[in-house]
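The structure appears below as structure tokens.
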Amino acid sequence: MGGLEEIIKQINIEASQEADDILKSAKRDCDKLKADNKKEVDALIETKNNQSKADANLALEKMKSGAEVKKKQDVLRIKQKLIVETIEKAHAKMASQDADKYFDMLLEIAKNNAHKEAGEIAFNAKDLARVPADFEKKLAALGLELKVAKEAVNIEDGMILCYGDIEENCTIQALINEKKEILQDKVNKYIFG
């Protein structure tokens, strides 16, 4: 049996050697597969990271853009509010002038708005009570045929020019409304340059 044992021993050595070679080959294949998979995973992670960064940058840009639009809208709203407040203050200041300045202003308004024919000027009760005695003479000196109406009208300030059935609304608010866009532009330039 010595020869058989020797053959078996040789077969075991060769089988063990072949098993080691197969294991080494399998390990190399496994290591290569792991390395390839790692490269794929790393590439996928890098792609996802880049996409995430791009998405984050896009979202940030959208947020910045949205914030910029909101800021501009807020600034515009504040500017519009300041313009309206400035015009309202100017209206109040015009309406609260002392009688001489107030009626001089109304003479200028009458000069710019009166018709050629004869008519009347109607005031509110407060202004009717303080019309200067020479107001009609000053109107005539401007070439206007206007008499002060004896009855007060329900207006805040300014006057109504009456020509029979035709009335010209020359209240301060009506004149401001008529020139609103021009006034807003002028106030905007004055306040904000």
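- Q173 pairs with exactly one of E88, H91, E156 by the side-chain hydrogen bond (donor to acceptor under 3.5 Å, both in side chains) rule, that one being H91.
- The two residues L128 and A149 make their nearest non-hydrogen contact at CD1-O, 3.4 Å.
- Side-chain heavy atoms closer than 4.5 Å link hydrophobic residues (I, L, V, M, F, W, Y) into clusters, and following such links, possibly through other members, connects M105 to V131.
- Looking only at side-chain heavy atoms (C-beta outward), K138 and F103 stay at 4.5 Å or farther from each other.
- To the nearest 0.5 Å, the span separating OG on S52 from CD1 on I45 amounts to 11.5 Å.
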Please output the side-chain donor-acceptor pairs of residues 108-120 that fall under 3.5 Å, not counting sequence neighbours, one pair per line with the distance.
| residue | atom | partner | partner atom | Å |
| --- | --- | --- | --- | --- |
| N112 | ND2 | E108 | O | 3.2 |
| N113 | ND2 | I109 | O | 2.8 |
| H115 | ND1 | E117 | OE2 | 3.3 |
| H115 | NE2 | E168 | OE2 | 2.9 |

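- Contact check on R77 versus D74 returns a salt bridge, with a Lys/Arg side-chain nitrogen under 4.0 Å from an Asp/Glu carboxylate oxygen.
- Proximity of L139 to I121: side-chain heavy atoms (C-beta onward) are separated by under 4.5 Å at one or more points.
- Within the structure, ring-ring contact (aromatic ring centres under 6.0 Å, His included) pairs that include any residue of residues 14-53 do not occur (at least two apart or interchain).
- Put simply, the side chain of L106 reaches to within 4.5 Å of the side chain of F123, judged on heavy atoms.
- L142 and Y163 fall within the same hydrophobic cluster, where Ile, Leu, Val, Met, Phe, Trp and Tyr residues are linked whenever their side-chain heavy atoms come under 4.5 Å apart, directly or through other members.
- Between E136 and V148 the shortest side-chain heavy-atom distance falls below 4.5 Å.
- Going from atom CD of Q17 over to atom CD1 of I13 covers 9.5 Å, rounded to the nearest 0.5 Å.
- Using a 4.5 Å cut-off on side-chain heavy atoms (C-beta onward), D29 and L33 make no contact.
- Of all heavy-atom pairs between C170 and L161, the closest is SG-CD1, 3.8 Å.
- The distance from atom OG1 of T171 to atom CG of N169, rounded to the nearest 0.5 Å, is 4.0 Å.
- Residues L82 and V75 are members of separate hydrophobic clusters, defined by side-chain heavy-atom contacts under 4.5 angstrom among Ile, Leu, Val, Met, Phe, Trp and Tyr.
- Legend: residues meeting side-chain contact (heavy atoms from CB on, under 4.5 Å) with N124, ordered by chain and number and at least two apart, are K126, D127, I155.
- Two different hydrophobic clusters hold L175 and I182 under the rule that ILVMFWY side chains link at heavy-atom gaps under 4.5 Å.
- Applying the salt bridge (charged side-chain N to carboxylate O under 4.0 Å, His left out) criterion to D31, with sequence neighbours excluded, gives K27.
- Within 6.0 Å of CG on N154 lie no more than 12 heavy atoms contributed by other residues, nucleotides or ligands.
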Under the side chain to side chain donor-acceptor pair (under 3.5 Å) criterion, do Q51 and D55 qualify, and how do the steps go?
CA-CA 6 Å; Q51 184 62 46; D55 290 347; 2.8 Å; yes

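- Heavy-atom minimum distance, C162 versus A122: SG-CB, 4.3 Å.
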Stepwise salt bridge (charged side-chain N to carboxylate O under 4.0 Å, His left out) check, K38 with D42
CA-CA 6 Å; K38 184 175 181 337; D42 288 346; 2.8 Å; yes

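- Every residue was checked against the ring-ring contact (aromatic ring centres under 6.0 Å, His included) condition with Y102, not counting sequence neighbours, and none meets it.
- R28 pairs by the salt bridge (charged side-chain N to carboxylate O under 4.0 Å, His left out) definition with nothing, not counting sequence neighbours.
- Atom CD of Q10 is surrounded by more than 12 heavy atoms from other residues, nucleotides or ligands within 6.0 Å.
- In this structure, the separation between NZ on K101 and OG on S96 is 10.5 Å, given to the nearest 0.5 Å.
- Of the inter-residue distances, the one linking M159 atom CE with I172 atom CD1 reads 9.5 Å to the nearest 0.5 angstrom.
- N37 contributes atom CG, which lies 10.0 Å from atom NZ of K34 (distance to the nearest 0.5 angstrom).
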